[in-house]
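These notes are about the structure you will find just below.
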Protein chains: 2
Amino acid sequence: MAKITIRDVAREAGVSISTVSNALNDVDVLNPATKQHVLEVAERLNYVPNLNGKMLKSGKTMMLGFFTTSVSGPYFYKLIETMSRQCERHGYGLNVFVTKDKQVIMSNILGRRVDGVIIYEELKIDEHDIEIMQKDKIKAVFLDRAFSNDTMGSVTFDSYAAGYEAAKYLIGLGHKRIAYISGVDTMFDSVRRRDGYLAALKEYGLPFDGDYVIQGYFEEDSTFNAIKAFIRMHASKLPTAFLAGNDLSAMGCIQALKAHGYEVPGDVSVVGFDDIDIAQYFSPPLTTVRNPIARQAILTVDHLVRMIQGKEEGQSQTLTGELIVRASSHVPVD
Amino acid sequence: MAKITIRDVAREAGVSISTVSNALNDVDVLNPATKQHVLEVAERLNYVPNLNGKMLKSGKTMMLGFFTTSVSGPYFYKLIETMSRQCERHGYGLNVFVTKDKQVIMSNILGRRVDGVIIYEELKIDEHDIEIMQKDKIKAVFLDRAFSNDTMGSVTFDSYAAGYEAAKYLIGLGHKRIAYISGVDTMFDSVRRRDGYLAALKEYGLPFDGDYVIQGYFEEDSTFNAIKAFIRMHASKLPTAFLAGNDLSAMGCIQALKAHGYEVPGDVSVVGFDDIDIAQYFSPPLTTVRNPIARQAILTVDHLVRMIQGKEEGQSQTLTGELIVRASSHVPVD
DNA sequence: CCTTTTTATAAAAACGTTTTTATGAATTTA
DNA sequence: TAAATTCATAAAAACGTTTTTATAAAAAGG
C-alpha cells in the first residue's frame, strides 16, 4: 500500500484535488457540507500531506534553521529550548544543524530547506558568504556578530562591556593580580570579554601578564585541568582573582583551586559569566555577569519571523549583562 | 533577480536541463567536456539546487530527524553531537526537533520531512502511532523503549540492570538505608533504574520506605532543593546512601549535603548514573554507572541508515552500563 | 425571462527537480 | 554498406502539492 496522496483523497471523496486542498487549508470557498465530507474522508484514510510537495509549491517550509558549531553546555540548551518554544508559538519548527562544514551550511541555507536562519558559527560564515546570502534575500539573524542589512539582523551580548564591568568590579575590591580564563580565540564572546578585561586593567593602570590568560575552552573539565597545571606553575605567587570566560569555566576553576587546598573566596576570588541555572546553587554560589539567554532566544526568533513576514528590516540588537554578586568573590587577602 | 534554477543554468550553458542535472549529480553519461562546461556555468551563476524540488522528486531528504522532549544536560548534548557527526559521515544531516506536541511530531514524520527518525519522546508516541508509522514503512529507531519490527528498531540502556547493580554495590558495602532520587515518572530510565534498585532491596531483604524515593527531576538545581527539603524532614535519621537517578542529580545531592555540613563520603555515600564528563572531576569524584552515550548515538545512526538503505531490518539493541567506583561512595559509618 | 452576478467546483498550470523515454549521430557489426 | 549498437543529448513525464483559471449551475437583477 503506497503512501496516500491528495489524489487518493479526492478520488475517494468524489471531488477534485483542488477541493481537497481548499478543505484542508481552510480556504473559505467551499460548501460547508463538502468541506466536512472531505475532511472526514481525509481523516478516515489517515491522509497526511507530503511536506516536500507542499514546500516546493508554496515556497515556504515553515521551518527556521539554527546553524551552530556546538550544542554543549547550559548556554546552548537554554537557547535551543527557548527558541524552539518560541518558534512553535509562531507556527514554525526549529531545525538545529550542528556542523562546522560551511558547504553544508550554505547549501542548506541557499537550497531553501528553511525559511530563515539563525547563525552561531563562530564567524565561519564570512563577508563573501553574507554577500551571496544577501543576493538571495535570505532572512538571517546572527548571534555571533553585530551586523545588519535589509534582510539580516543580529542579537548579541555586549561581552566587551561585561568583561570590562567584571574586571572593574574585581579591581574595585582591591585585586591587583587578575587572571582571565579564555575559550579558544575563535569564540568571539571569549575574545570580547577578554578585551573588556584588558581595557579595565589598562584604565586602572594594572600591568598585564601574558601568562595570566589561560585557555579553558569554556568547559568545566578542560578548565579544571588547565587551572591545575597553572597552579603548579605559579604556586609561589597565584593571582588573587580569576575572571572566567563563562560559568562552567568558573566552576572548573573553583574545583581545581579546592583540589589544591585553596579556599574560594577566602584565598582566591572567582567570577564567571552567563549566570547559568546552577550558578546560584554552586558551592560557593557564583558571582557572575548574567546574560539574558532566554531573552536573546525570544528576540532572535521574533525578529526573524517578522523579517520573513516582510514586516521588518534587519536590525542589530545588543543585550547587556548584569553583574550578580554572590559568594565566590571577596576582597583580596594579601 | 529571482533565484537561479536549473533552467537558467541550462539556458546559459546551451544544454537541456537533464544534462545539467546529470552533470551536477555525477551521472556518468556525459561527454566530459560538456560536463565540465556545465559545471563551470553553474559555478559562475552561483547555482545552488533547490532542496525542496530535489526532495520531492527523489523522495529522499538526506536528513534524519531526532524528535526529543528535551535537550537539557550532558546526556543530550553528547548524544546530539555524536549523532550529528555520525550522520555527516553517512552523508546525512541531523534535524533536531524539540517538542512535546505529538501532532507536530507525527506530521513531520509522516509528511516525509526526513528519511528516518530517532525518537526520544518519553513514550508519548503510543502503540497506535507506531501502527500508523508502520503502515507507511517509516524507518525509526527508538531510544525510549525496547522495540522492533521490520522497519523500526531501538538502542537502549539496560537501566534496570544498572539500578540493580548500583544498589547491590551499596548494599554490599553495608548500607541499609538507601534513598533513590528519581526524575519524573514519565522518564523511563528513571523508572527502570528505580525498579532495579527496588529489586535489589527486595533480594537482600531490606525494607522499602516510600519516603525514600525523592523527586529530583534529573537536574542539578532541582535535586539540590529537593534534598535540602528532604534533609530538613529527616535530619534525625538520614539515609547512609543516596542513589541518584543520574549524575546531575548526584551532584546536586552532594552540594545539598555539603551545604548542611555533611561529608561525602564520610557521612553519606552518593552514587549516580551516566558518568558524564564532569563526573570524574567533581569533588568528590563520582561513583557512577557509566552509560556509553556516544556508543548509543553511533549505533542508532548506523542502524537507521542501514534500514533506510534496505540493508537491515529493525532490531532491538541493549547497552549495559559499567560500575565506576570513585570517591563519592564508602562503607557506612553507623 | 433573459442577462448578469455569485457560488461551488473542476481543470490546468506551476513549483524545481530527477528520471524515464525519445532522438539523432557516431560507431560497430555482419 | 545496410543494419545494429552505442553514445550523447534532448524532450517529456513525474513527484505532491498550491494556486490560478475555467466552467457550470444557481441566484439576482432589470
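Just so it is clear, the structure is predicted and the values come from calculations on it, not from any experiment. Throughout, a chain's letter reflects where its sequence line sits, starting with A, and its residues are numbered from 1.
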### Query
Got a sec? Which of residues 29-41 of chain B come in under 4.0 Å of DNA chain C, heavy atoms?
none
### Query
Using a cut-off of less than 4.0 Å, is there contact between a side-chain N or O of Tyr47(B) and OP1 or OP2 of dT17(C)?
yes
#### Entry: Asn50(A) vs dC15(D): side-chain N/O to OP1/OP2 distance below 4.0 Å
no
### Task
May I ask you to verify if any side-chain N or O of Ser21(A) is less than 4.0 angstrom from the OP1 or OP2 atom of dT17(D)?
no
### Task
For residues Gln296(B) and Thr156(B), report the shortest heavy-atom separation together with the two atoms involved.
NE2-CA, 4.2 Å
### Query
Would you say a side-chain N or O of Asn52(A) is under 4.0 Å from OP1 or OP2 of dT17(D)?
no
### Query
So, Tyr120(A) versus Phe76(A), ring centres under 6.0 angstrom or not?
yes
### Task
Please report how far the helix from dC1(C)-dG30(D) to dA30(C)-dT1(D) bends, comparing the axis fitted to its first five pairs with the axis fitted to its last five, to the nearest 10 degrees.
50°
### Query
If only side-chain N and O atoms of Lys54(B) are considered, is one of them under 4.0 Å from the OP1 or OP2 phosphate oxygen of dT18(C)?
yes
### Query
Hey, does Leu45(A) have a side-chain heavy atom less than 4.5 Å from the side chain of Val41(A)?
yes
### Task
Taking only heavy atoms on the protein side, list every residue of residues 8-18 of chain A lying under 4.0 Å from any atom of DNA chain C, sorted numerically.
Gly14(A), Val15(A), Ser16(A), Ser18(A)
### Query
Leu24(A) has an atom CG; how far is it from atom C1' of dT19(D), in whole Å?
15 Å
